[in-house]
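When a ligand or atom number is given, it counts from 1 through the structure's own listing order. Since this is a predicted model, take the numbers as computed values, not measurements.
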Amino acid sequence: MEFEPVIGLEIHVQLKTKSKMFCSCSTEFNAPPNSNVCPVCLGLPGALPVVNKEAVLMGIKAAIALGCKINLTSIFARKNYFYPDLPKGYQISQFDKPLAENGEVEVLTGERNKDGNIIYNKFKKFRITRIHLEEDSGKSIHDKGDSTLLNFNRSGVPLIEIVSEPDFRSSQEAYDYLVHLKRTLQYIGVSDCNMEEGSLRCDANVSVRPKGEEKFGTKTEIKNLNSFRFLQKALDYEIKRQIKVIESGGKVVQETRLYDSSRDMTFVMRSKEEAHDYRYFPEPDLLPLVVEKEWIEKSRRELVELPHQKQKRFIEEYKLNFNEALFLTDTVKVADFFEECVKLSGDSKGCANWIMGDFTALLKKEKVEIDKSKITPNHISKLLKLIKSGNISGKIAKTVFEEMFKSGKDPEKIVKEKGLSQITSEEELLPIIKKVIEENPKQVAAYKGGKEKLIGFFVGQVMKETKGRANPQLLNDLLKKELKK
Ligand code: ADP
Ligand code: ZN
Ligand code: MG
C-alpha cells in the first residue's frame, strides 16, 4: 500500500518591536540576562498589561501579507500552565477570537531528488487557519549541571503564531512554505526570522494515510524544530516511522515528540494523557482588541512586492527559471542587486549566473552581506561586457571576479594591470602554437597517427604558455591547421 503524508505547521515569530507586548521593557536580544524586566513581564502581583500598538500593527501587516481576513474585534485570552520561565502561571494569548483568520499563500514549491536537485517546481496555494498575537515566555537554560538558569528578558516579547491548515503533502512542501513565510515576514519588516536566535520557531504536525483515502490519520506533533533542515529531516523520519507502525499492524498514537538531530530520529516527549488543559478564558486585565479600519488600509497601501509576486515577475520579465527566481528573491537586497545588474547590463542570465555562482560562494566564504561587498552591480555589468566583447575568456573572468571582490577595482583596470586580455590575433598566437608543436614531436607524431584526442593536450600547452588568455575558438582553428602541415 502506498501512503501519503499530511502535514500542518504551527509557527511562532517574534515581532521586531522596540518594546515588549504588554510593557515598555526593551526587546533587545543581546542584553545582559534579566536586565530588561519590570513588574509586568516578571508577573508580579497587581501589575497590569498595556497592549503595544506597534505589535498590533505588525500583526496586521503580517496577516495582510499572508492573505488573512482581519477580525475587527479580537480577544486576548489566558492560557494557563505552570513553568518556571512563565512567572505569571499563564501566558496572554488569543484563543477563539484571534487577530486574523482564513489566509492563503502562494508558494514556489517543488520536489527534489536524493541529491537535492530539483525535479520540478510550481506555484501552489496553502491555506492559513489563523494568526494570533501572544507574548513569549522567559528562557530556561539547562546547561549548568543540576541547576536551571532563568532569563526573563524574553518574557513578554511579542509573538505572532501562524497556524496552517493540514495542506502539505511532503516534507519539501512544508520546507518551502516555511521559507516563503520567513521571506514574506522579512520583506515586510515585521521580524528577523532568525532561527538560531529563536525569532522563528516551528512545530510540525504530521500524519499519514493510504493514498486515495480522504480521512486524515492520527497525527503526532514534533516540537521546537530549530532549523529548516531539521524540520525536513524530522518530518521524513516521522513519516517513515508512522508508515512502519501501520504496516506492522499497529496504530499511531497521538503524542508530542521531539527531534534529536544527532541521532536523526524523533522520540516521545509527552503522550495525549499528559497533554495540558490550558483552561483558556478571556483575559480580565485587557479589553477586547478593536482594530481600526484605517490601520488595515494603511498596511495595505504600504505593502511591498511580496516574494511570490517578485518570483513571478522575475520569471516573466527576465526569463528566469524557477530555481533562479527562488534563489534571487531570497532577500530584498539580493533581488534589488540582481535587478540593478540587469538594468546596467541587459543580460539577465549572465547576472543570475554570476550572482548565484561565484559571487554567492565568495560572500559565504568571507561571511559578507551582499550590500556590504566591494562588488557592485556596476562591476558585474562591466565584467559581462568584457566577456561578451571577447576581451576576456570566461575562465579569466573568474580570476578577475575574485580580484574585484578583494580590491573593489574595476574589471577593466584589473585586466589591464595584470595583462589578462584575451589573445585574439593570429599574429600573436601563431608563434606560441608553433613553439608548442616544435617542443612536442612525440605527441605530434601520435596525433598524426590517429590519436586525435591529443588536440586537448596541445590546447592545454598553449593555454599554459598564455596563462589562459588564448581565444579558444581561434586556438582550435589554428592548432588544427598547423597540425595538418
Ligand atoms: P490540536 O487540537 O491538536 O491543537 P489543531 O486542529 O488545532 O490540533 O491543529 C494543529 C495543527 O495540526 C494545525 O497546523 C493543523 O493543520 C494540523 N493538523 C490537524 N490535523 C492534522 C492531521 N490529521 N495530520 C496532520 N496535521 C494536522
Ligand atoms: Zn517589562
Ligand atoms: Mg490547536
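Between the SG atom of Cys38 and the SG atom of Cys25, the angle centred on the Zn ion (ligand 2) amounts to 100° when rounded to 10°.
At least one N/O-N/O distance between Ser164 and ligand 1 falls below 3.5 Å.
Checked for salt-bridge contact, Asp260 and Lys233 miss the test: no charged N lies under 4.0 Å from a carboxylate O. Remark: Arg257 engages Glu255 in a salt bridge, criterion side-chain N to carboxylate O under 4.0 Å.
The six-membered or imidazole ring of Phe338 lies near that of Tyr318, with a centre-to-centre distance under 6.0 Å. Less than 6.0 angstrom separates the ring centroid of Tyr177 from the ring centroid of Phe168.
With a 4.0 Å heavy-atom cut-off, ligand 1 is reached by the backbone of Asn205 and by its side chain too. The part of Leu9 lying near ligand 1 is the backbone, judged by heavy-atom distances below 4.0 Å. At a 4.0 Å heavy-atom cut-off, ligand 1 does not touch Glu221 at all.
In terms of the side-chain contact (heavy atoms from CB on, under 4.5 Å) criterion, residue partners of Val40 (sequence neighbours excluded) are, by chain and number, Phe22, Cys23, Cys38, Ala47.
Considering only non-hydrogen atoms, atom 21 (C) of ligand 1 lies nearest to Lys219 out of Lys219, Gln254, Glu10.
Ligand 1 places these atoms under 4.0 Å from at least one heavy atom of Val163: 13 (C), 14 (O). Ligand-side atoms of ligand 1 in range of Gly217: 23 (N), range being under 4.0 angstrom from any heavy atom. If you number the atoms of ligand 1 from 1 as listed, the ones under 4.0 Å from a heavy atom of Phe216 come out as 23 (N).
At least one donor-acceptor pair closer than 3.5 Å links the side chain of Thr129 to the backbone N or O of Glu165.
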